[in-house]
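Reviewing the structure listed below.
Since we're looking at a predicted model, the values are computed, not measured.
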Amino acid sequence: MSFLHPLALAGLAAAAIPALLHLLERRVPPELPFPAVRYLADAERRSARQLRLRHLLLLVLRTALIVAIVLAAAGPLVPSRATGGTLHPPTALALILDNSPSAGVVVDGRPRLDRLKAVAHAALARAGAADRLWLVLADGVARAGSREALLAAVDSVRPDAHRLALAAATARAARLVEGEPVPAREVHVVSDQQRTALDGSADTPRGVRVLALAPANVAVPNRGLGALELSDGGLAVGITGTPGTPPGPLTVRLRGRAVARALGAPGTTVTIPLPASGPGWWPGDVELEADELRADDARPFVWRVAPPARVAVGPDAGPFLSAAIAVLRDGGRLATGSDVAVGERPGAGPGASVVLPPADAALVGQANRALAARGVAWRFAGPGTPGPLAAPTLPGIAGVEVARRYRLEGSDSGAVLATVNGEPWLAREGKVVLLGSRLDTAWTALPAAPGFVPFVDALANRIARGESGVREVEGVPGVAFVVDGADTVGATLSRIDPRESDLTSAPAALIRRALGAEIVRDADFAAAAFAGPRLADAGGVLLVLALLLAAAELGVATLTR
């Protein structure tokens, strides 16, 4: 037996009250010799026995009455074989409602999200007062609340701009419910079960039941926009989507003006030349012809047009860096001049400088004094530990191993652009850029990496100029420019994850393997939820018993008087 309100059982302590009153009322009368009434002794003993029996019966009835009332108030649940009007044991439930962009696809005239919301609503409606509930959406936030609050939240859900990794979300939800002190624990995954969303494995703990909505059997044709890459040759547009979808038209705009049109099918890349434009930050967008999923039909881009940086390379820059700059000069990405000085010390003029640590450790002090004379607070400190590079704004060098480096210390106002083991490796203050390692294979594997020449390009053309470049984040498609005073120094692009465009559903075997879930159809989902043993509320029976006990107590008390 379990109880809906177990704290009410504290009232069982009141069952001791009748016994205490019974003991307090027992008095032993004094004995006085009185010969005239001795003949009444036998009658008195017979009457006393009857009174004791009635008092004992009253004690039992009153105690049972209190126990019945307290148990009824606690909401007792007992096993039941009935199929209707029954309850389930207290359950910790985390319901994952997938409102990622793919859920906004229109199928048979209505968004697929409406189907998911109907299933989630029906499952949550079966929750009881003793259940502990959470709602998880594509943003990953677990919202705790009552049944009524979460039902209202489900009804108000709209498609989100964020992708939901189902295996990771299921693992987090399972850990959430696992820690709850209740008899049953469940995770419900109400999703379109997109194949691209099922990467990895949830590894749910034992004792947590996972229920997954069965996917639709039909893959909806769809085209979406993938990666956009700008180069001297123009704009390369990657087309994603459901395999087998026929080609569709796309339009490229610069500052709101259409400059090119083309056809593209999922799995292809279309290269579009851009018209010659003057220096500046040119916002643009690519748009596909409208289809059933509108969220992935448009994607912004920013084209940075600037003259190539004029670079002066010092004799101490090293052979790898000198060779990369020569390649970029041959390709027209860099020019010879004094805009950016590259070497072991910052340049003396007002131009930008890229400063490398000296090859000779005895010259580190001189380099630090030259930095201080330039007004730079950064300096080369002691040797740092080896490790991989972490560079969110320079993905081409992320993960490259660094074997030898100096720690960079000193400035709170500068920007840290790359780190090793959490310590600055690439930093910028004003027009001075510092690297913690020489760009040599004895110090780092970067010169042998494919991203080395693009890194040197960014170092001279963007980082040394004080620009942050173009950064991409997940969100509603749009552009936000980064400004420093009156100058534009970067941009942030928001876009939909390209994996949302492939609307192919995952096979049942993949869902079971990735989520460890039971797969249930729409019509059976609510009935399959809360699968613990069925329980019936015995409170009504106990209240009827309490009324009978009260009537019996009244009758016995009347006879006693």
Side-chain angles (χ1 to χ4, degrees), residues 83-88 91-129 131-166 169-170 173 177 184 186-195 197-198 209-220 222 292-295 500 503-506 508 511-512 515 517-532:
T83 57
T86 58
L87 302 172
H88 54 265
T91 302
L93 167 65
L95 190 146
I96 300 172
L97 177 56
D98 183 0
N99 64 325
S100 59
S102 63
V105 64
V106 176
V107 181
D108 296 331
R110 59 192 292 244
R112 180 170 283 172
L113 182 59
D114 288 354
R115 167 204 170 210
L116 304 183
K117 289 165 61 175
V119 173
H121 194 285
L124 279 176
R126 298 192 63 247
D131 296 327
R132 302 187 180 188
L133 307 173
W134 291 267
L135 175 65
V136 181
L137 300 177
D139 58 10
V141 178
R143 299 160 174 82
S146 65
R147 179 183 64 179
E148 290 71 21
L150 295 189
L151 285 173
V154 166
D155 292 339
S156 64
V157 167
R158 298 291 180 269
D160 195 88
H162 295 85
R163 174 179 179 268
L164 180 62
L166 290 178
T170 302
V177 301
E186 294 188 4
V187 174
H188 295 175
V189 183
V190 182
S191 166
D192 57 0
Q193 307 298 351
Q194 199 177 9
R195 183 174 58 187
L198 285 167
R209 178 173 178 252
V210 181
L211 215 60
L213 182 64
N217 295 325
V218 180
V220 180
N222 180 60
E292 284 73 13
L293 180 60
R294 296 292 293 131
E500 288 293 308
L503 302 180
T504 306
S505 298
I511 298 172
R512 294 189 185 97
L515 305 182
E518 305 170 34
I519 302 176
V520 186
R521 295 178 304 172
D522 299 35
D524 303 326
F525 198 91
F530 303 103

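- Residues that satisfy the salt bridge (charged side-chain N to carboxylate O under 4.0 Å, His left out) test with Arg163, not counting sequence neighbours, are Asp199.
- Here the straight-line distance linking atom CG of Leu150 with atom CG of Leu124 works out to 6.0 Å at 0.5 Å rounding.
- In this structure, Ala295 and Pro101 approach most closely via the heavy-atom pair CB-CB, 4.2 Å.
- Annotation: side chain of Asn222 is not in contact with side chain of Glu292 (no heavy-atom distance under 4.5 Å).
- Heavy-atom minimum distance, Ala138 versus Asp160: CB-CB, 4.1 Å.
- In summary, the side chains of Ser102 and Glu500 do present a donor paired with an acceptor at a separation below 3.5 Å, with no hydrogens or angles considered.
- Using a 4.5 Å heavy-atom threshold, the side chains of Val177 and Glu186 count as separate.
- Under the side-chain hydrogen bond (donor to acceptor under 3.5 Å, both in side chains) criterion, Thr504 pairs with Asp502, sequence neighbours left out.
- At a threshold of 4.5 Å between non-hydrogen side-chain atoms, the residues Leu164 and Ile96 count as touching.
- Here the side chain of Arg147 pairs a donor or acceptor atom with the backbone of Ala125 at under 3.5 angstrom.
- Remark: Ala197 engages Leu166, Gln194 in a side chain to side chain contact (heavy atoms under 4.5 Å, CB included) (not counting sequence neighbours).
- In terms of the side chain to side chain contact (heavy atoms under 4.5 Å, CB included) criterion, residue partners of Asp524 (sequence neighbours excluded) are, by chain and number, Val520, Arg521.
- Between Val105 and Leu293 the shortest heavy-atom distance is N-CD1, 3.7 Å.
- Among residues two or more places apart in sequence or in another chain, the salt bridge (charged side-chain N to carboxylate O under 4.0 Å, His left out) test is passed with Glu148 by none.
- Pairs passing the salt bridge (charged side-chain N to carboxylate O under 4.0 Å, His left out) check and including a residue from residues 91-113, sequence neighbours excluded, do not occur.
- Residues Leu133 and Ala127 come closest through the heavy atom pair CD1-CB, 3.7 Å.
- Arg158 is linked by a side chain to side chain contact (heavy atoms under 4.5 Å, CB included) to Lys117, counting only residues two or more places apart in sequence or in another chain.
- For Arg132, the side-chain hydrogen bond (donor to acceptor under 3.5 Å, both in side chains) partners at least two apart in sequence or on another chain are Glu180.
- Contact between Leu116 and Ala103 at its shortest, heavy atoms only, is CD1-CB, 4.2 Å.
- In this structure, Arg126 contributes its side chain and Phe530 its backbone to no donor-acceptor pair below 3.5 Å.
- The side chain to side chain contact (heavy atoms under 4.5 Å, CB included) check on Ala152 picks up nothing, with sequence neighbours excluded.
- The distance from the OG atom of Ser505 to the CD1 atom of Ile511 is 7.5 Å, given to the nearest 0.5 Å.
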Assess whether side-chain contact (heavy atoms from CB on, under 4.5 Å) is satisfied between Asp131 and Leu93, documenting all intermediate values. CA-CA 7 Å; Asp131 296 327; Leu93 167 65; over 6 Å; no

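- No donor-acceptor pair under 3.5 Å is formed between the side chain of Gln193 and the backbone N or O of Ala214.
- Val189 has its side chain within reach of Leu515: a pair of non-hydrogen atoms, C-beta onward, lies under 4.5 Å apart.
- With sequence neighbours left out, the salt bridge (charged side-chain N to carboxylate O under 4.0 Å, His left out) criterion links Asp139 to Arg143.
- Interatomic distance, Leu213 CG to Phe525 CZ, rounded to the nearest 0.5 Å: 6.0 Å.
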